[in-house]
Structure formats: C-alpha cells, structure tokens
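Per chain, numbering begins at 1; letters A, B, ... match sequence-line order. In this text, all values refer to a predicted model and were calculated from it rather than measured experimentally.
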Amino acid sequence: MSEGIELMKARIGTDLIGLPVGYVRNVFVVEAVTPVPLAPPGVCGLVNHGGRVLCLLSLDRPDQPATGMPGEVLAINLDFGGHAAALRVDDVESVAVFNPLLAGTPDAAVAARWSGTAKRTHLIPKGVLIEIDIPALLEQPIGRAA
Amino acid sequence: MDDLIRDFVVETLESLDSVDADLVRAEQGPNDPTALVHVRRVLHTIKGTCGFLALPGLETLVHEAESLLMPGAEGPGMASLDVSRLLAAFDHIRAHVQHLQETGVEPILTGIVAAPPTGSDGSKALDLPPAQSYGQVVRVASGRLDQLRRDAFELILVRNQLADIARSVDMPALRAPLQRLSKLAGELQDNVAQASMQRIGDAWVTVPRLVRDIGETLGKDIKVETSGGETEIDRHVLDPVREAIVHLVRNGAVHGIETAAERVAHGKSAGGLMRLSAWREGGSIRIMVSDDGRGLDLEGIRRQALQLGLVGSEGLARLDDDAVVRLILEPGFSTASTVTELAGRGVGLDVVRTVIEQAGGRIDVRSAAGCGVTVEMRLPLAASVVQALIVSSAGQRFAIPQLALVEILRPGSRGGGDIVASIDQNSVLSRGLKVPLVNLAAHFGSTRPGNGPGVVLVCENRGARFGLVVDAVERTEHLVVTTLPLNLQSLPCYAGAALLGDGSPVLLLEPAGFSVAKPAQLGATEPTVEIAATPGHGAKVLAYRSGDQQMRMVALSDIARIEVFDMPERAAHGATAVRYRDGDMPIIASHATELTPGRRLPVLVVENGERLVGVAVEEIGAISDAGVSDAANEMLDIERLIAGAGLEAPVARHNVVLLGLSDFTRELLMPLLENAGFSVETSDQPDMPTLAKTARALAVVVDVDAVDAAFINVLGAHLSGSSGSQPAVLALASRRDASALERAKQISACELVGTFDRQRLVNILKALVQAGGIAA
C-alpha cells in the first residue's frame with residue numbers, strides 16, 4: 001500500500017494548489033518587495049524573511065509587480081536542498097493527506113497553464129487540486145500562462 | 001590522539017604538499033637552489049619533531065628521504081637527483097602520516113625507500129640555513145572562526161538598522177555611541193575577514209606534481225607557470241573551487257596539450273605549458289587556467305551538442321564559435337573519445353560551472369585552434385561584507401561595490417571647485433577618454449524619467465571603462481552580501497543581494513555584467529576634462545552630511561578630532577565659539593548647517609595654523625578609502641571654507657621654551673602647556689639655535705635637576721648678557737633645597753617651581769601673559 005502524501009493546500013486565484021509539506025518552512029506576510037529588473041517571468045522580487053533574502057515567486061501574476069499590491073501579500077517559505085524561495089499565494093488552507101496512486105497526470109492544458117510546475121492532480125470534492133513540483137519551481141520559475 | 005600529534009599531522013601533510021611542488025620546481029629550474037633548500041628544511045623539521053613525539057617509524061622514513069636528497073646538497077647538481085624516487089618517498093611518508101591520522105598509531109614499516117649507498121649512513125650533516133622566524137600562530141577550529149564571522153555579520157546588520165533609525169529620528173544622544181559602534185563593528189569585520197583570507201596559491205600547490213605525473217604517464221613534457229598565487233581570497237569562496245581548479249588543469253594536461261611529436265609537427269615547441277594566474281579586478285578575483293595545446297574541436301562540439309539535443313540544427317547554425325565553445329559547460333557534455341584514469345572523459349565541466357556559480361562566481365571558456373584553451377573564473381572577493389555605494393535609479397535603490405569603481409563624476413556640475421565633466425547621451429569625458437555610458441534605468445527597461453543629469457559611476461570591465469548613469473548616490477554602507485537566489489543567478493548584472501538597515505533587500509550590481517562598447521580615444525578637437533585631484537587610494541576620507549542635505553567628504557588627515565557640542569548663543573559680533581581645551585574655538589558651519597543655539601551638532605575640529613577651528617555638520621557618516629567614495633560626493637576644501645568664514649585673525653600664541661627637561665618631564669608638561677594655549681619648543685642643549693629661540697619666547701623653563709653645571713653656566717651667561725626684552729626664566733626642581741635655589745639663581749630664574757606642581761607652572765605662565773612679560 002502506498003504511503004499518502006501530505007500537502008499544504010493553498011489558493012491562488014480560483015485554483016487550489018498542494019505543496020508537499022516537506023518543502024514548506026512557514027507562512028508569512030510580505031511587508032515589502034524589492035523588484036528585480038530583468039528577472040524572468042514569475043519572479044516578483046526579493047523579500048526579507050527573518051533576515052534572509054528570499055525570491056518571491058508568483059505562479060499566476062508573473063507580470064504584475066508585487067510592490068504596491070493592495071492589501072497584505074501572503075507567502076509560503078519553501079526550501080529545497082538549501083535553495084529557499086517564497087511563493088505568493090492568496091490564502092492558505094489546511095494540510096491534507098492524498099494518495100499518489102489515485103492522483104492523475106496533468107493534462108496538456110494544465111501542464112501548459114502551470115508551465116511545468118504541475119506535478120500531479122488530485123481529485124477533491126470541489127474540483128481538482130494541483131500538486132506543485134517544488135524542485136522544478138525553485139530551479140526554473142516560470143509564470144503560469146494566462 | 002594527542003593534540004600535539006594531531007597538530008603535527010596536519011602541519012606535516014600541508015608541508016608535504018608544498019615540498020612536492022618545490023621539488024618539481026627545482027627539477028624544472030635546476031639553477032634555483034631555494035626550492036631544494038626548502039625541501040631539506042621541511043624534512044629536517046619533520047624528522048626533528050618525530051624524535052620529540054616518539055614516532056620512530058616516521059623518523060626513519062624521513063631520514064631515508066633526506067638521504068636521497070644528498071646528491072644535490074653540494075650545489076646545483078640537480079641532475080644527479082632521482083626526482084621520481086624522491087616523490088615516491090614523499091608519498092610513502094604521506095601514507096604513513098595519513099595512517100597515523102586515521103588510527104592514532106604509527107603503521108609497522110613494511111618497506112623503506114632504499115637510500116643510495118652514499119647517503120644511507122646519515123653521517124653527512126645538512127648545511128641548513130637558519131630557520132625563518134614566524135610570528136606566533138594559534139590554531140583555531142574553523143567552526144569557531146565561522147561562528148565569529150557570523151556574529152560579525154549580525155553586528156553589521158544591527159549597526160545598519162540602528163543607523164537607519166538614527167537617520168529617521170533626530171536623536172543627537174545616539175550619534176556618538178553609534179559612531180563608536182560603527183567603528184568597532186567595521187574593525188571587527190575587517191579582522192575576521194582578514195583571518196578568513198587565504199592565498200590562492202594554496203589551491204594550486206599540488207598542481208606541479210599533478211602535471212608532472214600526467215606528463216610522465218602520457219609521455220608529455222609539460223611545464224607549469226603560476227602567477228598571482230599571493231592574491232588573497234576568502235577561504236569560504238576558495239575552498240569549494242579548489243577541486244575545480246585541479247580538474248581544469250587535469251583536463252588541459254591530458255586532453256589539451258599534445259605529445260611532443262604532435263607539437264613539433266605543428267611547429268610548436270616540444271614542451272607544453274599550463275598557466276595558472278590570479279589577480280584582483282574590481283570587486284572580484286579572477287583565476288585563469290590556460291594551456292597552449294591544440295584547442296577545442298569545434299566540429300566535435302557541434303556534433304555532440306546536436307546528439308545530446310542541447311541545441312537544434314537551426315540554433316546551432318546561428319551560434320558563433322565562442323558560443324559553440326561555451327556549450328562544453330552544459331551538463332553532461334563530453335567530446336573526449338577515450339576514457340583515461342587521469343581525466344575521465346573530460347566530463348565534469350558542468351560540475352565545475354555549478355561549483356563556481358554556487359560560490360557566487362562566473363566561468364567563461366575561450367579556445368583558439370592550435371593555440372590552446374583558456375578558462376577564466378570570476379569569483380567574489382569575499383562571500384561576506386562589502387563596502388558599497390547605495391545609489392538610486394528610477395526610484396529604486398541599488399548597491400555597487402566600491403572596489404569595482406574607478407571614480408564617480410557629476411557631469412556638468414562644479415563641486416569642490418574643480419570637477420568638470422561633460423556628458424552627452426552616449427559618453428562622458430573622463431581623464432582624456434571618451435567613456436561609453438550605460439543608463440541603468442534604460443538598461444533595466446524603466447520608463448520612469450531620471451532626476452536631473454544623474455551621476456556617472458565609472459567602472460572598469462576587462463580593462464575597458466564605462467560609465468553607469470544613476471540618479472543619485474545616497475551613501476556608503478557595509479553590506480552583508482549573500483549569493484542570489486537560484487532563480488536569479490543567470491542574471492549577469494547582479495553580484496548578490498543584501499539587506500539594508502531598514503530591512504529591505506537591495507541588489508548588488510555587478511559592473512562586469514554590463515556589456516558596453518569599447519571606449520574611444522579622445523579626439524584632438526574635443527575638449528579636455530579636468531577631474532579634481534582627490535586623495536590617493538589608501539588615504540581615508542570621512543563622509544558627512546551638511547545642512548543642505550548633501551553628503552560630502554573630508555580627508556581624515558585634515559581633522560584633528562570629532563566632537564559634539566551644544567551650539568552656544570552667538571557673540572555680539574555674530575560669531576559662534578565654544579570653550580575647548582582652555583581656549584575659545586570658533587565654530588563655522590559647513591554648507592547651510594544651522595548653528596541655532598542649543599542644537600547639538602557634530603563638529604570636525606581642524607587645526608588652522610596655531611588655532612583650532614570647529615566645522616559644524618549635520619551628521620557624521622562612514623570612514624572609507626579615498627579614491628572612490630571621495631569622488632562620489634564633494635570633497636570639502638577646509639582651508640577655503642575657513643578662509644571664507646571671515647574669522648578674526650588668530651591670537652598669537654605665546655612661546656615657551658623647555659630646556660634640559662628629562663623625557664619624562666617633557667612628556668608630562670608639553671600636552672599640558674599646549675592645551676593651555678602655549679606654543680612649546682624643546683631642546684636638550686643650550687646651543688645657539690636654542691638660545692636664539694629664547695629671545696622670542698615668553699618664558700624659558702629649565703629643569704635644574706637634569707642639566708649639568710656647564711649647561712647652567714652657558715645659559716646664565718647668555719641671559720645675563722642679553723639686551724632688550726628678555727624671557728622669564730622659570731626653574732624646575734623636584735626639591736626646593738639650597739642646591740636648587742643656587743642653580744636657579746645662576747640662570748636668573750624668577751621662580752623655582754616644583755617639577756610636579758604643573759598647575760602652578762601654568763598659572764605663572766598665564767600671569768606672565770596677562771602682565772605682558774616678566775612677572776613682577
């Protein structure tokens with residue numbers, strides 16, 4: 001019997017994503033973002049999180065500057081093999097366990113929309129949860145296609 | 001294992017690496033005796049320590065190795081030495097020591113390198129030059145040093161936070177302790193950084209031996225040339241790239257350099273050459289590994305790239321030769337057709353690239369057919385604290401390492417009196433060169449207009465200068481720099497990121513990452529440009545902010561002290577002065593600094609002739625090296641500022657001559673008298689120049705305890721025979737006895753003062769001033 005995968009559920013726009021909890025360090029509120037000129041799409045800028053400079057990534061609004069965004073910006077601090085980054089999300093929900101054997105492969109539309117960062121899809125009562133491939137995200141952040 | 005033995009093992013292994021290199025050097029340059037002398041000295045030291053630590057097996061091995069060296073001991077008879085046998089002996093010793101390191105006990109000797117009969121008895125004493133004396137060295141665990149380093153970083157961050165708070169709120173009481181904290185934090189950081197520095201040559205100490213072994217195995221004659229090994233770099237940067245350097249050398253020696261027959265057939269010398277060089281350029285260290293071999297097979301690279309799918313055929317057709325060469329840095333790339341024990345299949349350059357990039361560096365490779373391959377690495381000088389200029393462009397702040405800058409110009413402005421530069425859209429004139437410009441905002445695609453004409457940061461990139469145009473230079477700051485997050489490391493225009501005092505991240509610009517056209521020589525018809533003379537590199541300058549909110553610089557050598565004063569009420573004639581060192585010191589303002597009574601302001605105390613003048617400023621900034629930061633902001637011309645302040649002429653200071661005082665008494669009295677406003681001259685002898693000085697003096701102070709009878713006679717005769725105005729003569733004596741009184745009388749002293757009654761002496765001199773001469 002396969003072991004379940006623990007995913008932290010977070011909402012980006014109307015989509016629900018799942019982040020393997022092993023890569024999640026904490027959730028924090030972004031206070032200020034330093035833009036990075038010439039940065040690849042998906043990089044909002046640099047943020048200070050507890051004295052550490054992190055790259056703030058956005059999966060759905062790569063072209064929108066993070067500075068001057070209305071309201072609070074919520075981010076999830078991710079760490080993969082010492083490479084840390086922050087992923088901008090709109091809301092964070094609970095942690096749930098999913099069965100990888102029941103997971104689906106992202107179809108072409110989803111794969112294209114999430115630019116290679118969608119690892120698997122999990123069926124949930126309200127629709128589909130997209131499991132994010134953290135190593136792919138941290139090594140080559142690419143904004144989601146509109 | 002005993003601590004002594006542990007330390008001995010570490011030192012011995014380090015020494016063996018260095019003697020390997022020395023021996024190869026001696027073999028290649030048999031007329032240079034220094035290398036062999038060093039080898040003998042190292043072996044001799046190891047052997048001596050073995051006796052002390054009771055390591056008889058190792059002692060025997062080292063003794064045998066020493067014996068192998070004997071044929072060359074008489075002079076430049078290097079040819080008679082069996083270098084291969086010696087190197088094998090060193091390997092034997094190394095293995096023995098490593099066994100000792102791993103197990104804590106010596107291995108049983110199973111085979112000793114046979115020594116030649118002539119030297120095996122060990123009876124021949126070695127003629128060793130006296131050992132070099134080194135300073136005291138304490139071994140500290142690297143973990144502790146790293147912790148100290150981290151603590152120093154934290155301290156810098158806290159200091160920056162405090163400085164930022166102090167800038168935003170007016171808390172005068174905070175200024176002095178903050179300046180002290182800044183100074184201490186900077187010194188601590190400098191010292192910790194210095195302790196972490198290591199010679200780059202340490203990373204390639206094993207290369208000569210490695211190349212020799214490769215040459216012997218493959219039948220190639222390869223020499224190694226190194227330069228710049230003394231260049232220092234942060235150990236944390238160097239450690240990860242050691243293996244990369246060795247890997248590059250191995251690749252060059254195995255795959256790059258041809259056999260002697262091939263070389264001769266192509267008209268080259270039979271022997272190949274590997275060059276390793278290092279130098280400092282701007283805020284980076286450059287390390288270059290090159291060979292004079294056949295160069296890379298570009299067609300082979302193209303074929304391999306297509307096979308691996310690294311690039312399509314259309315894309316490949318568009319790549320120029322340089323771009324094709326760089327394909328070998330892509331993961332998994334290899335063109336080597338044979339696998340060798342020495343260098344694998346030439347794979348691993350992607351690993352080298354990864355290692356270099358993880359250390360915050362960049363790597364580039366160039367190849368010329370038949371001439372060889374050059375791999376150049378650019379590494380950060382230190383993965384730590386960088387003194388940087390904080391600049392602004394299009395509303396965003398950036399940092400740029402001061403070391404990367406040549407000078408900074410304010411085109412079209414006249415600051416400090418003499419800086420003049422002209423600027424057009426594409427270039428600025430600087431020191432006779434038309435320097436091409438890169439507008440930072442435009443480079444970054446900003447549509448936000450700049451503020452005013454901007455400031456030009458003149459940078460140097462591969463020997464070519466270019467100017468980076470920004471809106472303004474805000475300040476200098478020590479930044480704890482970290483490597484960029486992985487997602488941004490491909491951006492060449494950034495060297496790292498750091499946190500400013502207000503906690504916001506800032507990007508550190510990398511001037512080498514901006515590609516610009518080469519500068520053109522200034523045409524004869526174009527106007528010349530004069531750049532204001534600035535203190536040379538190495539001199540220190542102090543930044544400060546004046547009342548007009550501009551940051552300025554002042555040469556540290558122009559300032560006697562920095563004090564903080566509450567501004568007093570102005571005197572009737574409008575001048576401001578404070579009591580300082582028993583006198584009134586006039587205060588003048590630097591550039592619109594308000595001397596409002598009651599304001600507490602930092603004051604630069606300046607010696608102006610024989611008086612002190614205070615220059616009030618708004619805020620004291622950082623101390624930095626001249627040459628860059630001085631040009632970023634206007635240099636204060638103190639003499640001009642004082643001359644323009646309309647101060648009254650200084651009151652002439654009264655001269656006091658100290659004669660025949662012991663060193664102790666002189667040291668005691670001089671600062672006291674000078675602080676009391678007197679100009680002091682001293683002499684040990686009553687010679688003519690000294691006696692001439694007494695004629696112009698208010699008073700002559702003679703230590704009658706310290707001078708002899710001849711001194712008193714000469715002085716007495718001079719003073720009694722002088723006509724016109726005479727100085728007052730004061731005698732100093734430790735005891736007021738008859739002898740002292742008699743000697744005081746002989747020199748016509750008007751007072752006999754106790755040597756340690758310093759206040760009375762000052763009071764008498766002040767009374768003399770008020771009386772206009774000799775006291776009644």
Side-chain angles (χ1 to χ4, degrees), chain A residues 23 25 28-59 62-63 65-68 73 75-88 115-117 132-143, chain B residues 150 153-158 160-161 164 331 354 357-358 390 392-399 438-448 470 479-510 513-515:
Chain A
Y23 297 118
R25 291 289 164 268
F28 66 100
V29 175
V30 175
E31 292 181 354
V33 182
T34 298
V36 181
L38 307 181
V43 174
C44 295
L46 300 177
V47 296
N48 173 7
H49 177 49
R52 192 173 181 191
V53 178
L54 297 180
C55 193
L56 180 66
L57 308 174
S58 174
L59 280 170
D63 300 325
T67 45
V73 175
I76 300 177
N77 179 11
L78 303 167
D79 194 313
F80 163 60
H83 298 301
L87 178 65
R88 177 185 162 190
S115 298
T117 58
I132 300 297
D133 184 343
I134 302 293
L137 173 71
L138 297 192
E139 288 182 340
Q140 195 174 8
I142 298 170
Chain B
R150 285 192 291 273
F153 290 173
E154 284 296 318
L155 191 61
I156 294 276
L157 289 173
V158 171
N160 289 351
Q161 285 172 349
D164 200 68
T354 303
E357 289 182 349
Q358 282 179 345
I390 309 300
S392 61
S393 171
Q396 182 171 351
R397 285 182 296 187
F398 295 91
V438 174
N439 187 298
L440 190 62
H443 184 82
F444 286 158
S446 171
T447 53
R448 189 169 166 168
V470 299
L479 297 178
V480 179
V481 178
T482 57
T483 53
L484 278 175
L486 199 62
N487 339 60
L488 302 175
Q489 284 183 4
S490 60
L491 298 174
C493 48
Y494 304 121
L499 292 176
L500 292 174
D502 63 2
S504 60
V506 66
L507 287 155
L508 189 71
L509 297 174
E510 172 52 86
F514 292 83
S515 62

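Atoms CG and CG, on Leu499(B) and Asn48(A) in that order, are 4.5 Å from each other to the nearest 0.5 Å. Atom CG of Leu38(A) and atom CG of Leu507(B) lie 10.0 Å apart (nearest 0.5 Å).
Residues Pro37(A) and Phe398(B) have side chains in contact (heavy-atom distance under 4.5 Å, counting atoms from C-beta outward). Using a 4.5 Å heavy-atom cutoff, the side chains of Leu488(B) and Pro40(A) are in contact.
Of all the heavy atoms in Thr34(A) and Pro505(B), the pair that sits closest is OG1-O, 2.6 Å. Closest heavy-atom contact between Ala39(A) and Leu491(B): CA-CD1, 3.9 Å.
When the candidates Gly503(B), Gly445(B), Ser504(B), Cys493(B) are compared by the number of heavy-atom contacts under 4.5 Å with chain A, Gly503(B) comes out ahead.
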